[in-house]
Amino acid sequence: MIRPALTLLKRDLGLSLTKGGGPLLAVGFYLTLMAMIPLSLGPDQAVLSRIAAGLTWLCLALSSLLSLERLFERDYEDAVFDTLRLGPLPLELIALLKCLSQWFGTGVILSLMTPIVMIILGAPVSLALMGLVSAFLGSLSFALIGGIGASLALGSRKGGVLMALLVLPFYVPPVIFGAGLMQAVQTSASPLQALAFLAAYALFALALGPIAMGAALRGALS
Amino acid sequence: MINFLANPERFTRVTRPLRPWLAGVTALLFVWGLYLCFASPEDYQQGDTVRIMYVHVPAAWMGLTVYAAMGIASFFGLIFRHALADVAAKAMAPIGAVFTGLALLTGALWGMPMWGTPWQWDGRMTSELILFLFYIGYIALHASIEDEVRAAKSTAILALVGLVNLPIVHFSVQWWNSLHQGDSIFVKGGPTVAPDMLWPLFVMVAAYHALFAWLFLVRLDSEILARKYRALRARLSFN
């Protein structure tokens, strides 16, 4: 079971890194959103530095969402799923592997950009390390919770918008904890609580996500 | 009992005669409750606006109750393939959405004179808003999948994910910010609300429950009829 899993992971990772521009699309979207913020709020440094970390989290959530739409759809449309189901891997594991490769292909790269985006927007440089760590955890939750939305919206008529509507309410905890963590660092309070919550939500998504996705995919494929 | 009522035919036969009675009880409870609302004393701080609470609090509770009921119905629909449970979950969603919307609206009406603003980004209001968005997502998902069986399955999964997840959302929002007054009804050592005000509240809660039960039965029945109609039409077009 490990070899087919690794093969699938390699295939999906390759697809998410190269196919259709790869992570470029999400990165471009992330940076565009970043550029829109000062344009809509004015270039006042004092205002921007106060809200930079929170807005970066919002941009990260939206950019993670954008690329999730095609997570299962491509393989669903050309019947790769039916082939995969004949193999030894359970659907839950297939879904998990797809989400993880999505995370490596998009979430991790967006996370690596997060400290830069934060600092460009005016956050103090001291936030960079915590920004990076929290973005890793947050984007992992985004990918897994988003996967649930993608699997539920599979085969419906309005995939993308529907998925955003389904998933965004569940993006609330990581956004709150992530932005709260940034605030804690900025006010030099203990960041431990927010960090622990953020990690707990990522683990929770890791446990719940595959079960829900497996059930939803089974429904869509039947 | 549940198995007995699982048959939609039998269910409508049993519940249809109940409906006028339920409607009557709902109307009576509302008349009584609203009378008590206006007969109850003014609050020493809030004045007359306290009466909005008798509409607001039960609506907010119902929003949560309906959501829990939807989760339970979805669970039965998904695990035991209970045909009526799917229909029940679908029938409940818009009612719950309206209750939640009503809670938000009456909260805003109360907030304008009392807090001086119709909207505050406080913990409870925000999580109520998110509950409302969840309802909308649920209804949208159901509407966007054409096949009834698949739609029921997908929405059931969403409802169960929501059932596990929304408490977390709720507590994270609480952690984020809370200005809302704390619990005053279900607290250790009995309610901290004066009995004069508790009575109208409880009658209104009962009225809301009766209203929900009545609307639910009507919606369930019309949904069963709509399915029957679709099935008949499908059969006719084949012949």
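First the proteins, then the strands, lettered A, B, ... as listed; each starts at 1.
Expressed to the nearest 0.5 Å, how far CG of A:Leu208 lies from CG of B:Asn165 amounts to 6.5 Å. One finds the CG atom of A:Leu166 at 9.0 Å from the CZ atom of B:Phe134 (value rounded to the nearest 0.5 Å).
Other residues, nucleotides and ligands place more than 12 heavy atoms under 6.0 Å from the CD atom of A:Gln45. For A:Gln183, the CD atom sits in a loose shell: 12 or fewer heavy atoms of surrounding residues, nucleotides or ligands are nearer than 6.0 Å. Taking a 6.0 Å sphere around CG of B:Leu232, one finds it holds more than 12 heavy atoms contributed by other residues, nucleotides or ligands. Within 6.0 Å of CZ in B:Phe75 there are 12 or fewer heavy atoms belonging to other residues, nucleotides or ligands. Within a 6.0 Å sphere centred on CZ of B:Arg230, heavy atoms belonging to other residues, nucleotides or ligands number more than 12. Environment of CE in A:Met36: sparse, with no more than 12 heavy atoms of neighbouring residues, nucleotides or ligands closer than 6.0 Å.
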Indicate every side-chain donor-acceptor pair of residues 151-160 of chain B with a distance under 3.5 Å to a residue at least two apart or in another chain.
from: B:Ser154; atom 1: OG; to: B:Arg150; atom 2: O; distance (Å): 3.3
from: B:Thr155; atom 1: OG1; to: B:Ala151; atom 2: O; distance (Å): 2.7
from: B:Thr155; atom 1: OG1; to: B:Ala152; atom 2: O; distance (Å): 3.1

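Residue pairs meeting the salt bridge (Lys or Arg N to Asp or Glu O under 4.0 Å) criterion with at least one member in residues 184-213 of chain A: none, sequence neighbours excluded.
The interface of residues 74-90 of chain A with chain B, defined by heavy-atom distances below 4.5 Å, comprises A:Tyr76.
If you measure heavy-atom distances from A:Ala179 to chain B, you find no contacts under 4.5 Å at all. At a 4.5 Å heavy-atom cutoff, the contact between A:Ile176 and chain B is made by backbone and side-chain atoms alike. Only the side chain of A:Ile148 comes within contact range of chain B, with heavy atoms under 4.5 Å apart. Proximity to chain A involves both the backbone and the side chain of B:Ile136, based on heavy atoms less than 4.5 angstrom apart. Heavy atoms of A:Leu154 lying under 4.5 Å from chain B belong exclusively to its backbone.
Partners of A:Tyr30 according to the ring pair (Phe, Tyr, Trp, His ring centres under 6.0 Å) rule, which considers only residues two or more places apart in sequence or in another chain, do not exist here.
Among B:Leu133, B:Ile168, B:Val164, the residue making the largest number of heavy-atom pairs under 4.5 Å with chain A is B:Ile168.
Closest heavy-atom contact between A:Leu165 and B:Ala140: CD2-CB, 4.0 Å. Closest approach of A:Pro169 and B:Val169 over heavy atoms only: O-CG2, 3.7 Å.
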